[in-house]
*Asks:* 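Quick one: structure below, then a few questions.
Both counts, for ligands and for their atoms, begin at 1 and track the order of listing. Basis for what follows: all heavy atoms, side chains included, without hydrogens, waters or symmetry-related copies. The model shown is predicted, which means the values in this text are computed figures rather than measured ones.
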Amino acid sequence: MKIPNYKDARKRSKEEVLIRNFSLDNQYLDLGKNKKFFLKTYGCQMNEHDSENIKGMLNMMQFTETDEMEEADLILLNTCSIRENAHNKAFGMLGRIKHLKETNPNIVVGLCGCMAQEEGVISEILQKYRFLNFVFGTHNLDDLPKLVDEGLKGSKLNIDVLSVEGDIVETMPVTRDSKYKAYINIIYGCDKFCTYCIVPYTRGKQRSRLKEDILKEVEELIQEGYQEITLLGQNVNAYGKDLYKDYELADLLLDISKLNIPRIRFITSHPWDFTDKLVNVIKENDNILNYVHLPVQSGSNKILKLMGRRYTKESYKELFDKLKSIPNISITTDIIVGFPGETEEDFQDTLDIVNYCKYDSAFTFIYSPRENTPASKLEDNVTLEEKEQRLYRLNELVNKYSKEANTRILNKVENVLVEGESTKEGNLFGYTETNKLVNFPGDKSLIGKILKVKIIDAKSFSLDGEIVE
Ligand code: 5AD
Ligand code: SF4
């Protein structure tokens, strides 16, 4: 058993990051023959992409995927720790799985992802969820084949979680969810340590992939016909800082841009590391999409300081204005309400910055204390009722601006990457360059193409359109 601990998870050293290559031991090659797996993923795109690697490994072992948990031989939960409700969902699911396992003890059950990295979660599992066969963390995804093998042989609760700063594993197999859009990790972990956030503890230290490895992956995706790539990282703007002297995200984007993939996105940006060079690279290159997700979290300087965000509302607005000089750019954000100590006045500052930025859309959250983070030790003096009220008021404002942003492109022609059939018969759906969802009539042979679509109706959360060419 390897149990995670908060103390080691917090460590950051100057030690070099080890890069190792994945390889599947021959003995596991047909482990999944005639067997099905069910995988449930919670959380962010990073976790979704980890799940694509998990599926890649399982497919390599000849498992096939099922959407029906009841018919699976192997059940895996890839979990998220970001807020309490993500925890509750995963624990709720474990309750259901426990019943299944009572009727069929041969099912192998595993849990992985960010929750696995939490000391508190592991002790809860040890007390209440001993029926699990194995638990592994974000640092050793590649141990899955071995754990599945042991599980199929009847292993009892094997906890295999490392609290380390982290390596980089290359050449992982991958089964991607889309044939047109792909995620690519460019940087793992996070060293920002915002006081409310659990990610630096669950995902380890900030470590960039070698540019050669990233460019090679992009080239392969282009060969396979991918139209869009999204570069992933908890803080993509820090790309390269741990590896190179003179090579940052802007340089990587430029190099990828030259490879001629139609669409390049990147998420998530921390306002702290956003350089002028990056603003210019977005402005000057057509295939780097005019879309930036720029979490503000709060509009109050007092709260930003308590959050450890390293910028002020003034410097955020300055960056925002620079980005807005890019024609037709869409900027979205994340906002937390009800952080400890947030007064009505602080909340007004948040409403003010939303009124200033008029975001195309925003993800809004009630602050959720995460075990062992510095903010969780602050006195939480905002009542739940007050937090809910603030969230409601904020959402009203955010939705008003989303609708306005959608209305601004009414009657305009947008490039839309068609992703699939929508629920309405005879209709397709896709996303504009600025990541807006569009539904429009069309034949399914058009899926995977980038089309010109005229926007004919704007709602708060989606658009209707018609194909122009
Ligand atoms: N409580 C509420 N929201 C949080 N986020 C991160 N940590 C917390 C927390 N403890 C939000 C932030 C972040 C997004 C991914 O989740 O807004 O940008
Ligand atoms: Fe959730 Fe953060 Fe982990 Fe993503 S990195 S799965 S958002 S806790």
*Asks:* Over 60° means perpendicular and under 30° means parallel, so classify the ring planes of F365 and F363, tilted if in between.
*Replies:*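 Rings of F363 and F365: parallel, as their planes differ by under 30°.
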*Asks:* Test of understanding: given a 4.0 Å heavy-atom threshold, classify the contact between C44 and ligand 2 as side chain, backbone, both, or neither.
*Replies:*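 For C44, the contact with ligand 2 is made by both the backbone and the side chain.
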*Asks:* For S81, take its heavy atoms, then give the atoms of ligand 2 lying under 4.0 Å from any of them.
*Replies:*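 Atoms satisfying the 4.0 Å criterion: 1 (Fe), 8 (S).
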*Asks:* Quick test: of every protein heavy atom, which one is nearest to atom 17 (O) of ligand 1, and how far off is it to 0.1 Å?
*Replies:*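 For this ligand atom, the closest protein heavy atom is Q297 OE1, 2.6 Å.
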*Asks:* For S368, counting its heavy atoms only, list the atoms of ligand 1 lying under 4.0 Å from any of them.
*Replies:*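 Within the 4.0 Å cut-off of S368, ligand 1 contributes 1 (N), 2 (C), 9 (C), 10 (N).
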*Asks:* Would F266 and Y291 satisfy ring-ring contact (aromatic ring centres under 6.0 Å, His included), going step by step from the backbone distance to the final call?
*Replies:* CA-CA 8 Å; F266 55 94; Y291 169 79; 8.4 Å; no
*Asks:* So which bit of I82 gets within less than 4.0 Å of ligand 2, heavy atoms only: side chain, backbone, both or neither?
*Replies:*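 For I82, backbone and side-chain atoms both sit under 4.0 Å from ligand 2.
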*Asks:* Strictly by modelled atom types, are T175 and E52 linked by a side-chain donor-acceptor pair under 3.5 Å?
*Replies:*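 Looking only at side-chain atoms, E52 and T175 do not form any donor-acceptor pair under 3.5 Å.
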*Asks:* Check N185, D213, D242 against S208 for a side-chain hydrogen bond (donor to acceptor under 3.5 Å, both in side chains) and give me the one that passes.
*Replies:*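 It is D242; the other options fail the test.
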*Asks:* Please compare R83, E84, M307 and report which has the shortest non-hydrogen distance to atom 5 (N) of ligand 1.
*Replies:*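 Result: the heavy atom closest to atom 5 (N) of ligand 1 is in R83.
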*Asks:* Given D334, V199, N85, which one has a non-hydrogen atom that is nearest to atom 14 (C) of ligand 1?
*Replies:*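 Comparing heavy atoms across D334, V199, N85, the nearest one to atom 14 (C) of ligand 1 lies in D334.
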*Asks:* Cation-pi check, K211 to Y239: give yes when NZ or CZ is under 6.0 Å from the six-membered ring centre and within 45° of the ring axis, no otherwise.
*Replies:*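 Because its charged atom misses either the 6.0 Å distance or the 45° angle limit, K211 does not stack over Y239.
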*Asks:* Does the shortest distance from atom 3 (Fe) of ligand 2 to an N/O/S atom of C80 fall below 2.8 Å?
*Replies:*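 Coordinating: no.
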*Asks:* List every atom of ligand 2 that sits less than 4.0 Å from any heavy atom of N47, numbering the atoms from 1 in the order shown and giving each element.
*Replies:*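 Those atoms are 6 (S).
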*Asks:* Consider ligand 2: state whether an atom of it lies below 4.0 angstrom from any non-hydrogen atom of R203.
*Replies:*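 Right, R203 reaches ligand 2.
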*Asks:* Would K89 and Y42 count as a cation-pi pair here, with the cationic atom under 6.0 angstrom from the ring centre and within 45° of the axis?
*Replies:*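 No cation-pi geometry.
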*Asks:* Check contact between Q234 and ligand 2, using heavy atoms of the residue and a distance below 4.0 angstrom.
*Replies:*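 Flag set, Q234 near ligand 2.
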*Asks:* Please determine whether any non-hydrogen atom of I366 lies less than 4.0 Å from an atom of ligand 1.
*Replies:*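 Contact present.
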*Asks:* Name the closest protein heavy atom to atom 7 (N) of ligand 1, giving the residue it belongs to and the distance to 0.1 Å.
*Replies:*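 Looking at atom 7 (N) of ligand 1, the protein heavy atom closest to it is Y196 CD1, 3.3 Å.
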*Asks:* Between Y401 and Y359, is the gap from one ring center to the other below 6.0 Å?
*Replies:*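 Distance test on ring centres: not under 6.0 Å, no.
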*Asks:* Taking 4.0 angstrom as the limit, do D360 and K436 come out as a salt bridge?
*Replies:*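 Yes, charged N to carboxylate O under 4.0 Å.
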